[in-house]
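Contents: one structure, followed by commentary.
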Amino acid sequence: MSNNRLFDREIDINPWIGITLIMTKPIIILGFAGSLRKDSYNKALLHAASELVPKDAKLEIFDLEAIPPFNQDLEDRMPQKVKEFKAKIRAVNALLIATPEHNYSVPGVLKNAIDWASRPYDDNSFEGKPVAIMSASPGMLGGARAQYHLRQVLVSLNMHAINRPEVIVASADEKIDEKGNLADEKTRKKIRQLLENLVDWTKKLERK
Ligand SMILES: Cc1cc2nc3c(=O)[nH]c(=O)nc-3n(C[C@H](O)[C@H](O)[C@H](O)COP(=O)(O)O)c2cc1C
């Protein structure tokens with residue numbers, strides 16, 4: 001069995017039966033949440049997303065736990081966890097960020113991780129990547145203000161963000177149960193649509 005690569009397709013040629021199988025490689029999405037909380041609503045959104053991802057895509061989740069506070073003195077000898085995070089971002093086709101809202105903005109945990117992965121100056125791991133964002137809060141605005149601050153950061157990172165649908169989950173404590181399951185069908189539909197749009201957008205950017 002020989003294995004060749006033509007554009008983005010894996011081609012398996014079986015010389016015994018003369019059949020050529022053409023398989024499209026899945027779009028790999030890396031998801032991370034700006035919360036370290038075990039019962040985080042935003043982690044729950046990522047969990048729901050992993051069930052709703054389109055068939056031709058796969059969602060991998062990265063936990064920001066153990067990413068230390070940013071220190072520019074360490075840019076040329078990055079902590080191991082930051083190296084792992086940067087490598088993961090580089091390896092995937094697209095990103096999915098679930099952000100809580102802290103004091104009308106993104107939590108320090110998320111901004112800290114983003115700052116690390118954007119450095120050093122000439123090695124921004126996010127450069128040119130497609131990205132979708134979601135937010136959840138028990139409050140009535142669902143983290144909308146944090147989303148708009150995050151969008152501004154994405155411009156700085158030169159990322160290509162999906163605009164619609166806006167997945168802003170207000171009253172998250174009523175939609176996500178104590179086991180972290182998102183039961184609310186309207187929200188699930190929006191997340192499914194967001195992921196479909198992200199996959200389509202990624203394919204366009206990669207000319208698939
Ligand atoms: C420091 C801090 C600031 C907060 N500020 C906001 C806020 O501005 N808007 C909001 O909707 N919720 C705010 N909250 C409540 C969070 O939405 C809530 O803790 C939420 O559960 C955090 O997301 P998580 O469940 O993914 O950890 C704040 C919480 C903390 C700890």
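Start at 1 with the first residue, then count along the sequence. When a ligand or atom number is given, it counts from 1 through the structure's own listing order.
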*Just say parallel, tilted or perpendicular for the rings of H160 and W201, cut-offs at 30° and 60°.*
perpendicular

_I'd like the residue list for ligand 1, meaning every protein residue with a non-hydrogen atom under 4.0 Å from the ligand._
S35, R37, S40, Y41, N42, P100, E101, H102, N103, Y104, S137, P138, R145

*With a 4.0 Å cut-off, would you call K190 and D184 a salt bridge?*
no

*Looking at W116 and P68, what are the two nearest heavy atoms and their distance?*
NE1-O, 2.7 Å

*asked:* Regarding K111 and D115, does a basic nitrogen lie under 4.0 Å from an acidic carboxylate oxygen?
replied: yes

*At their closest point, which heavy atom of A183 faces which heavy atom of R188, and how far apart are they?*
O-CD, 4.2 Å

Under 3.5 Å, which donor-acceptor pairs do the side chains of residues 138-147 form with other protein atoms, sequence neighbours left out?
{"unit_1": "R145", "atom_1": "NE", "unit_2": "E101", "atom_2": "OE2", "d": "3.0"}
{"unit_1": "R145", "atom_1": "NH2", "unit_2": "E101", "atom_2": "OE2", "d": "2.7"}
{"unit_1": "Q147", "atom_1": "NE2", "unit_2": "S135", "atom_2": "OG", "d": "3.0"}
{"unit_1": "Q147", "atom_1": "NE2", "unit_2": "V167", "atom_2": "O", "d": "2.9"}

